[in-house]
Amino acid sequence: MSLFLCVMASDVEAKNSSPLVDAGKLVPDLRLEMRYAGAHNFMGRPVPGYEAPKCLLTREASQALEKVQAAIRADGYGLKVFDCYRPKRAVSAFVKWADDPKDLEGKAEFYPEIDKKDLFRLGYIARESSHSRGSTVDLTMFDLSNGEEVDMGSAFDLFSPRSNFAHGDLSPQARANRARLRAAMEQAGFQPYALEWWHFTLKREPFPDSAFDVPIR
């Protein structure tokens, strides 16, 4: 069994050796909509740890994402990112929210078909997140010709079977868009998550046994 290492903010800051870089500066024309830094998310408020709307990732994940951006740009698309590195304190806030049956602020938009108590069992909320390792990203594509997000068949963070990559009731265009994004991500070394078409983790992530808690600033 591997040792699960939790690197607290004070530890990283003391060593001045954070492994995270600002992907928004390294990946050309990366569009950011960092949902958890604002109120448009399933909690309905900014999430602890997200003190700035930045996409922090390991350098390895950022470089892989740059390859994806170049690949889809050739077809007339760009990448739009919703979440990147996620501090452990944010994961704890998600867990606390999910354990509170009275807090239903975002139900109508984000989990209209699902009972909140089932979010853990169904795999939409986890007590530990790959995002905290710094090499997982949530993203979509947008059309370079008009700046609009492409049709993916469901919105980001919709906790629903419709968000499953292989959901049967999708338009041909949405199915093609999901496949295009997945193919580009896999070609660059990312592993998809079947339940969420937007979620990808770098296969050869540099810190597979770590969980960071550096706030995003």
Side-chain angles (χ1 to χ4, degrees), residues 6-10 12-13 18 20-25 30-58 61 65 79-140 142 147-149 152-164 193 195-201 210-217:
C6 174
V7 181
M8 300 303 291
S10 58
V12 175
E13 290 168 356
S18 173
L20 305 172
V21 298
D22 189 343
K25 294 181 179 179
L30 185 66
R31 182 174 293 186
L32 307 182
E33 186 181 332
M34 310 311 293
R35 287 288 187 87
Y36 303 135
H40 187 200
N41 58 64
F42 55 82
M43 288 179 60
R45 54 189 178 273
V47 179
Y50 288 86
E51 299 177 13
K54 295 180 179 180
C55 172
L56 302 186
L57 290 170
T58 61
L65 205 61
L79 292 176
K80 181 176 183 178
V81 175
F82 297 113
D83 193 32
C84 299
Y85 156 70
R86 182 181 303 165
K88 273 182 63 65
R89 67 192 69 186
V91 178
S92 297
F94 287 175
V95 171
K96 183 177 180 181
W97 167 84
D99 283 334
D100 182 359
K102 296 180 180 179
D103 187 348
L104 300 174
E105 176 70 24
K107 181 173 176 56
E109 179 176 359
F110 294 101
Y111 54 108
E113 310 162 355
I114 293 177
D115 193 314
K116 189 178 182 182
K117 66 179 176 57
D118 293 327
L119 291 176
F120 287 113
R121 178 178 62 80
L122 296 174
Y124 296 114
I125 297 289
R127 297 186 185 278
E128 294 175 357
S129 173
S130 61
H131 282 276
S132 298
R133 305 195 296 263
S135 293
T136 293
V137 61
D138 294 339
L139 76 176
T140 190
F142 67 92
E148 296 181 2
E149 289 182 31
M152 288 293 188
S154 75
F156 164 67
D157 257 0
L158 177 66
F159 303 148
S160 163
R162 287 195 63 82
S163 295
N164 188 310
Y193 178 49
L195 295 183
E196 299 172 346
W197 58 259
W198 57 80
H199 179 113
F200 297 87
T201 299
S210 301
F212 302 107
D213 198 32
V214 184
I216 301 168
R217 294 171 175 159

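Excluded from the calculations below are hydrogen atoms, water molecules and symmetry mates; all remaining heavy atoms, backbone and side chain alike, are included. Note that the structure is a prediction, hence the values are computed from the model and not measured.
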Evaluate side chain to side chain contact (heavy atoms under 4.5 Å, CB included) for Thr58 paired with Val21, printing each intermediate quantity in order. CA-CA 6 Å; Thr58 61; Val21 298; over 6 Å; no

To the closest 0.5 Å, what do you measure between SG (Cys55) and CZ (Arg31)? 14.5 Å

Mind checking whether Phe159 and Phe42 have parallel, tilted or perpendicular rings, split at 30° and 60°? tilted

Does the Lys107 side chain pair with the main chain of Lys116, one donor and one acceptor, at a distance under 3.5 Å? no

Verify side chain to side chain contact (heavy atoms under 4.5 Å, CB included) between Met34 and Lys54, making sure each step is shown before the conclusion. CA-CA 7 Å; Met34 310 311 293; Lys54 295 180 179 180; 5.9 Å; no

If you measure from CG on Leu20 to OH on Tyr85, what distance do you get to the nearest 0.5 Å? 6.0 Å

Carefully, step by step, assess Trp198 and Met152 under the rule side chain to side chain contact (heavy atoms under 4.5 Å, CB included). CA-CA 9 Å; Trp198 57 80; Met152 288 293 188; over 6 Å; no

About how many Å separate CZ of Phe110 and CD of Glu105, when rounded to the nearest 0.5 Å? 10.0 Å

Apply the test side-chain hydrogen bond (donor to acceptor under 3.5 Å, both in side chains) to residues Asp157 and Tyr36: give CA-CA distance (whole Å), side-chain angles for both, the deciding distance (0.1 Å), then the verdict. CA-CA 11 Å; Asp157 257 0; Tyr36 303 135; 2.5 Å; yes

Any Lys/Arg nitrogen of Arg127 or Asp99 sitting under 4.0 Å from an Asp/Glu carboxylate oxygen of the other? yes

Here the gap from Leu139 atom CG to Glu33 atom CD, rounded to the nearest 0.5 Å, amounts to 12.5 Å

Taking atom types as modelled, is there a side-chain donor on His131 or Asp138 under 3.5 Å from an acceptor on the other? yes

Has Asp115 got a side-chain atom pairing as donor or acceptor with Asp118's backbone, closer than 3.5 angstrom? no

On the 0 to 90° scale, with breaks at 30° and 60°, tag the Phe82-Phe156 ring pair as parallel, tilted or perpendicular. parallel

To the nearest 0.5 Å, tell me how far Arg35 CZ sits from Asp83 CG. 10.5 Å

Checking side chain to side chain contact (heavy atoms under 4.5 Å, CB included) for the pair Ile216/Tyr50: CA distance, chi angles, key distance, verdict? CA-CA 5 Å; Ile216 301 168; Tyr50 288 86; 3.6 Å; yes

Would you please test Trp197 and Ser163 for side-chain hydrogen bond (donor to acceptor under 3.5 Å, both in side chains) and show each step? CA-CA 6 Å; Trp197 58 259; Ser163 295; 4.6 Å; no

Taking Ser132's backbone N and O only, do any of them form a donor-acceptor pair with Thr136's side chain (distance below 3.5 Å, no angle check)? no

Is the backbone of Ser129 close enough, under 3.5 Å, to the side chain of Arg86 for a donor and an acceptor to pair up by distance? no

For residues Asn164 and Tyr193, is any side-chain donor paired with an opposing acceptor at under 3.5 Å? no

I want to check a possible cation-pi pair here: Arg133 against Phe212, using under 6.0 Å from ring centre and within 45° of the ring axis as the test. no

With rounding to the nearest 0.5 Å, note down the distance linking CG in Leu65 to SG in Cys84. 7.5 Å

